[in-house]
Amino acid sequence: ITVAKHDTSARLVLNHGRKDPSSGKAIKFFEDHIATIEVLMEGTLQKIHFPVNPMCKYLTKDSRERVLKGVNRDSPSQKVLDFIQESPFLIDEMEYMAQ
């Protein structure tokens, strides 16, 4: 899907696939279950794709907003540290909501 943003032939294949019911289902599945982050490594911005844990659908909008607004963004390491410190509360909430 990312390739289609930059390559015309890939975009045509993807658009055609959306019209085909079986291909459309596969494309929708990957759009819904794969996330992307951008990481700066050795001066190069790289996209990292990873599967989204199904438990994540139980995260409330309030908690998501609290984390997005409350994370200290003074430095990349501080941002990661704040997120890691918040993670146990988010996991507890998702597990509770899943019940």
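Worth saying up front: this structure is predicted, and the values here are computed from it rather than measured.
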Transitively linked via ILVMFWY side-chain contacts under 4.5 Å: Ile84 with Val67?
no
For the CG atom of Leu68 and the CZ atom of Phe83, what is their distance to the nearest 0.5 Å?
9.0 Å
Distance-only, no hydrogens or angles: does the Thr44 side chain make a donor-acceptor pair with backbone N or O of Leu40 under 3.5 Å?
no
Output for pair (Glu65 CD, Leu59 CG), nearest 0.5 Å, gives 10.0 Å
Tell me, yes or no, whether the heavy-atom count around Met97 atom CE, taken from other residues, nucleotides or ligands under 6.0 Å, exceeds 12.
no
Indicate the atoms forming the closest heavy-atom contact of Ser63 with Leu90, along with that distance.
CB-CD2, 4.0 Å
Nearest 0.5 Å please: distance from the CZ atom of Arg66 over to the CZ atom of Phe89.
8.5 Å
When Tyr58 is tested against each of Glu95, Met94, Gln99 for side chain to side chain contact (heavy atoms under 4.5 Å, CB included), which residue passes?
Met94
Are any non-hydrogen side-chain atoms of Lys47 and Ile37 less than 4.5 angstrom apart?
no
If you measure from CZ on Arg64 to NZ on Lys69, what distance do you get to the nearest 0.5 Å?
11.0 Å
Any sub-3.5 Å donor-acceptor pair from Asp82's side-chain atoms to Asn72's backbone N or O?
yes
Check whether any side-chain heavy atom of Ile34 sits under 4.5 Å from a side-chain heavy atom of Val52, and report yes or no.
no
Please check if atom CZ in Phe50 has more than 12 non-hydrogen atoms from other residues, nucleotides or ligands closer than 6.0 Å.
yes
